[in-house]
Structure formats: structure tokens, C-alpha cells
Amino acid sequence: MNVTRRSFMATAAAGILSPYLLSPAQAQAAGSVVRTKVITTLTSLDPIYTTAYSTRNHGYMVFDTLFGLDAGLNVQPQMVDIYDISEDGLTYTFTLRDGLAFHDETPVTSEDCIASIQRWMQQDLVASKVAPLVAGYEAVDDTTFVITLTQPFAQLVPAMAKVGSNVCFIMPARLAATPPSEQITEMVGSGPYRFAADEYVADARAVYVRNEAYVPRSEPASGTAGGKVVNVDRVEWLFMDDMAATSAIQSGEIEFYEEPSPELLPVLEAVPGVTVGVQNTVGMQMVIRPNHTQPPFDNPTFRQAFMKMINPEEHLLTYLGDPELFTIDGSVYPLGTPFNTEVGSIHYDPEGAQALLEEAGYNGEPIYVLQATNIASNRIFSTVTAEQLRRAGLNVQVESSDFGTMFGRALANEPVADGNGWHLIHFANIGPDMADPITSRALSGAGDYLGWSTDEEIETLRADFLATTDLEEQKAIAEQIQVRALELGFYYPGGTFMQPNAYSDSLTDIVESPVPVYWNMGVNA
């Protein structure tokens, strides 16, 4: 991967064994190990309680899913062996495959699946749309269960397969009985790895050990579907900064480096035995979410002005350095997804922004931009946005912290006037999370997620989208939703980009997936 980027550093510090890591002797005793620098610390261990990507990724290690998505984003059975949907679309019958057991050695049953689905439906935005339509659940026997609806909902199985938070992870019924507003207290799943709770250090590492009892599917691994074959004894997630990780991969102390800052890629590309490549070939979308509850962003005219102040090419070129790694098209649906369209898209227009700014009556109020300094994309995107808004004449203050603190502050949504509120937050969301009007949390008009955008017309259109299975009708509705959402400034879609990872050549069979997965992966001796 040879691309031109801004020069950040000529060399990296020599590798020094980090306190995050096991000693070589410990690693040898532990058997085959994959050590990875993950994107950020775990804000929670409960993947239903939070939508944080780090916790979602943890969920895939410990828990299993009824369905998965292959590399082509096609729905495939996972824990399910066979399923049937009645002709009228009201009755779903699922039969589990043989050999499913939780880490506490109890079998996975229909009751566990029903309880897990019910908890997930209380929390997930897509699943919450079907919850009111459920007429009942029935455990026919230990391995077969039925969900009956009052009206068809074509997105039920795709929702169970989706990789975006919240994922429909299956856990024991006793844990699934925990209200989703509370965190589960045990990590007991049926997935390919067991969580080593005694080795977990919140700000340093999380350790996962091979689930010897796991029975993988027979199909080849593909995305979050297929055979989740575990070829290593343990996976260690290490929470460290980019410089420490760059040293660690040079010295062989880690094998996988999730989402290194692109400023460091020239250094990593020059390290013998290290490859820089992309596993998420679906891509990611830069997202800027304005807080609709806080002035001046509670004014639709001000939000329209803001949308015209943003030049996403500057964000992505600053972050990636290589224009071949991104595409700007102005759609809320990422490039390559079925509903991608240019209709109604908003583009950089500084003169138009100034006219709208005057119309909105902006008087120099401070604009608070949240920034996570420990995630390169967030750090750079928020910095560039702040610079662009300042050039447009806004009084901008960047509020910096680690991701966990930033996310907690965002969710609290305290008033700006009280000194701890916020106006703008940035994300790098995987393409499947933004691919349609239902999956995309940013397109909700119900005021139920970060930004708290509300619009009855959008919600009516989303209901219409759910009510039809005709692709052309869905495309027409998705187009109307895009036009309306961009007109109201629901969020700024900043283009589709590819995010490289770095990994040791000692790793084999890394699975191509929109989310990082650690099954199928092997380590050469």
C-alpha cells in the first residue's frame, strides 16, 4: 500500500515491553496468542446496554447470534439451523442447530433465545419497531421457538442478522431478564471465546480464551456468518495509544493493530513483516451529529447554514491522505449500498452558509465540539470541523477527552448553559449501520438518539418503508427520507472511506468483515 500522506514522523521509538502485555514467558505458556491494539477501551461489557462499537466487538467474541451477515452482506443462519416464515408473513418458526451450549455448560434453549430477543427489542432502534407487532412467543420445545406477529414485518430476520449496534446476541435467560437500562453482571455466552474476567483490567486489557466446547458451522467463515473456527488459544485486546502500539507491532509484542492513525501508516508500511490492509471492504461513513436540543442548533435555519459550512474532502484528505481511499457523494446512504442516491444532497457552499447564518440570527454564541483524543478519526474529524466553522465565523470550542468520557457526556445531554453540554459529535460508522432508513440511527425522527432529531414526516416515511417489501418502492421512500433529513440537518454525511488496519505477516486467514472478528485467524509458529 504505497500512498502519499502528510509527514508525521520519520521513525518510531524502539519497541519496549508495555505494562499492558504479558511477558514473553507468559505468552509462551499461554499457547498460541493473538495480541491486538483495539480502537478504544470498553465503555461497558454489555452489548445491549450500550451501542459503543468496542462493546459490540466484545459481544461477537463472547456471544453468538441467531443469524449473521456474510462478506457480501447477505443474511445467513448462524445459531439457527432452519427457519420458516408463513405465507402471510405473520409466523416465524426457528429451530436451533445441534451442539449449542453456554460457557457455564448449560445448553442454549428456546427460552434463552426468546428472553434475549425480548431484551434486545427493548433497546435496539430497528427491533423496537417490531416489538409492538409481536402477538406472542412460544417455546415449542428446547430447540424450536415461534414468534407470531400481528402484521408482517419483513425486516425481522435482517434485524437479527445486522452487525450494527445493538446486535441480537443470545445470552442465558437469567441474564436476559436484566432490564436493558441495567448492565448484566456476568459474561456468559455461547460464542467462540470465553471472557477471562480475572484478567480484565479496565484501562489496560481484555482477554478472551478459546471456548473448547464451541461447535462451529460447517460453512467457511465469511463476515459474521459461517464457521467460527478458533485456531488460537487466546486473544488479548490491549488498550494503548497509537505510539505505544506502533512500537509494539515493530517489536513483535502485538500482531494486530486496529485502525492506526493514518499519519503512522508510512512507518508501519516500512516495518518488515507488517502488512497494511483493509478488512472492512464495505467502508465507513464520516458522520457529524448536531444536537437539535441545544441553541443555536435548535434552529433549523442555523442547521442548514452549518450543513453548507462543511467540506468533507478536507476531513478525509487530512485523515487519510490518499484520495483513492474515499468518495464524497453527499448521500446519507453510503456508496455501494442499495439506497445510495445524490437526490437532495447538500454540498459545501460558503456563500450560501453566510446568508443562512445571517437569517438565523447567530450572535457569536460558543459552539462546543466534542472530541475523543484516543481515536484518530474522531480527533482529526473534529479538529477539521472546528477549523471550518471558525472560518465561517463561528465561535468554536473543542472539548477534548477520551472516548468513554466523550460518549458519556454526549448521552447525558446536559444544557450548554450549565457548562457541560455540547453541540456537535463525530463518528466513523460502518457502512451497514447507515445503509437504510431503519438501520441508520441517525435518520430517526423520534428524538431517541444522539442529536435527538424529531420530525413526524420522517417517522411516517420510515413506517411506509417498513410496510413494503418492493425494492423500487423502498428506494423511492428512502430518497424522500434523504431529502427531508438533509433539509432539516439531521446529520452531515461526510462520504464513504476505507479504514486500513496493520497486522503481522505471522497471522493467517484474517476474515473480511465490516466488524473486526478473531475467529478463523491463525498464527504461524
Over all atoms of both residues, closest heavy-atom pair of Trp519 and Ala221: CD1-CB, 4.1 Å

Contact check, side chains of Leu486 and Pro493, non-hydrogen atoms, under 4.5 Å: yes

Thr93 and Asp84 side chains, donor-acceptor separation under 3.5 Å: no

Distance flag, aromatic centroids of Phe326 and Tyr319, threshold under 6.0 Å: no

Side-chain heavy-atom pair Tyr503, Val34 within 4.5 angstrom cut-off: no

Exam field: side chain Arg56 to backbone Val167, donor-acceptor pair closer than 3.5 Å: no

Whether Tyr518 and Trp237 hold their rings parallel, tilted or perpendicular, with breakpoints at 30° and 60°: tilted

Under 3.5 Å: donor-acceptor pair, side chain of Asn211, backbone of Arg194: no

Pairwise distance NE2(His103) to CE(Met171) - rounded to 0.5 angstrom: 11.5 Å

Spatial distance of atom CG (Asn374) from atom CG (Asp402) [nearest 0.5 Å]: 5.5 Å

Check: Gly431 main-chain N/O paired with Gln285 side-chain donor or acceptor under 3.5 Å: no

Asn429/Tyr491 under side-chain hydrogen bond (donor to acceptor under 3.5 Å, both in side chains): CA gap, chis, key distance, verdict: CA-CA 13 Å; Asn429 287 348; Tyr491 83 100; over 6 Å; no

Straight-line distance of Gln122 CD to Ser181 OG, nearest 0.5 Å: 8.5 Å

Least distance between heavy atoms, Pro516 atom then Asn57 atom: CG-ND2, 3.4 Å

Minimum-distance pair of heavy atoms, taken over all atoms of Thr468 and Ile477: CG2-CD1, 4.2 Å

Validation row: Leu325, Phe497 side chains within 4.5 angstrom (heavy atoms): no

Asn231 CG to Arg210 CZ distance, which is reported to the nearest 0.5 Å: 7.0 Å

Check: Glu259 side chain, Gln499 main-chain N or O, donor-acceptor pair, under 3.5 Å: no

Val511 backbone acceptor or donor facing Asn520 side chain under 3.5 Å: no

Asp141, CG atom: more than 12 neighbouring heavy atoms under 6.0 Å: yes

Contact summary for Pro180 and Ile48, nearest pair of heavy atoms: CB-CG2, 4.3 Å

CD on Glu258 to CD on Gln279, rounded to 0.5 Å: 9.5 Å

Verdict with supporting geometry, Val75 and Leu69, side-chain contact (heavy atoms from CB on, under 4.5 Å): CA-CA 5 Å; Val75 174; Leu69 289 182; 3.9 Å; yes

Whether His426 and Phe381 hold their rings parallel, tilted or perpendicular, with breakpoints at 30° and 60°: tilted

Tyr333 backbone acceptor or donor facing Asn340 side chain under 3.5 Å: yes

CA sep, side-chain torsions, deciding dist, call: Asp104, Arg174, side-chain contact (heavy atoms from CB on, under 4.5 Å): CA-CA 12 Å; Asp104 61 5; Arg174 61 184 176 81; 3.3 Å; yes

Trace of the side-chain hydrogen bond (donor to acceptor under 3.5 Å, both in side chains) decision for Ser331 with Asp329: CA-CA 6 Å; Ser331 177; Asp329 66 354; 5.0 Å; no

Euclidean distance, Lys37 NZ relative to Tyr257 OH, rounded to 0.5 Å: 5.5 Å

Beyond-backbone contact of Glu459 with Arg462, side-chain heavy atoms, under 4.5 angstrom: yes

Parallel, tilted or perpendicular, as decided by the 30° and 60° cut-offs, for the rings of Tyr208 and Phe195: tilted

Under 3.5 Å: donor-acceptor pair, side chain of Ser32, backbone of Asp233: yes

Residues, nucleotides or ligands: over 12 heavy atoms within 6.0 Å of Phe145 CZ: yes

Derivation and outcome, side-chain hydrogen bond (donor to acceptor under 3.5 Å, both in side chains), residues Ser506 and Asn524: CA-CA 5 Å; Ser506 66; Asn524 284 326; over 6 Å; no

Val523/Leu507 under side-chain contact (heavy atoms from CB on, under 4.5 Å): CA gap, chis, key distance, verdict: CA-CA 5 Å; Val523 181; Leu507 295 183; 3.9 Å; yes

Student check: side-chain heavy atoms of Ile458 and Leu443 closer than 4.5 Å: no

Carboxylate-amine/guanidinium contact Asp448 Arg441, below 4.0 Å: no

Under 3.5 Å donor-acceptor, Asp81 side chain and Asp98 backbone: no

Within-4.5 Å side-chain heavy-atom neighbours: Leu450 and Asn291: no

Residues Asp436 and Lys162 bridged, charged N to O under 4.0 Å: no

Side-chain (Glu342) to main-chain (Gly330) donor-acceptor, under 3.5 angstrom: no

Shortest non-hydrogen contact from Phe94 toward Val157: CE2-CG2, 4.3 Å

Test item: Leu45 and Gln183 side chains (from C-beta on) under 4.5 Å apart, heavy atoms: no

Trace of the side-chain contact (heavy atoms from CB on, under 4.5 Å) decision for Tyr60 with Thr65: CA-CA 8 Å; Tyr60 273 113; Thr65 56; 4.2 Å; yes

Which atom of Val483 lies closest to which atom of Gly344, heavy atoms considered: CG2-CA, 3.9 Å

Sub-6.0 Å ring centroid separation between Phe339 and Phe465: yes

Non-hydrogen side-chain atoms of Thr36 and Leu238 separated by less than 4.5 Å: no

Stepwise side-chain hydrogen bond (donor to acceptor under 3.5 Å, both in side chains) test for Thr41 and Asp203: CA-CA 6 Å; Thr41 57; Asp203 294 322; 5.0 Å; no

Side-chain donor or acceptor of Asp124 paired with backbone N/O of Asn166 under 3.5 Å: yes

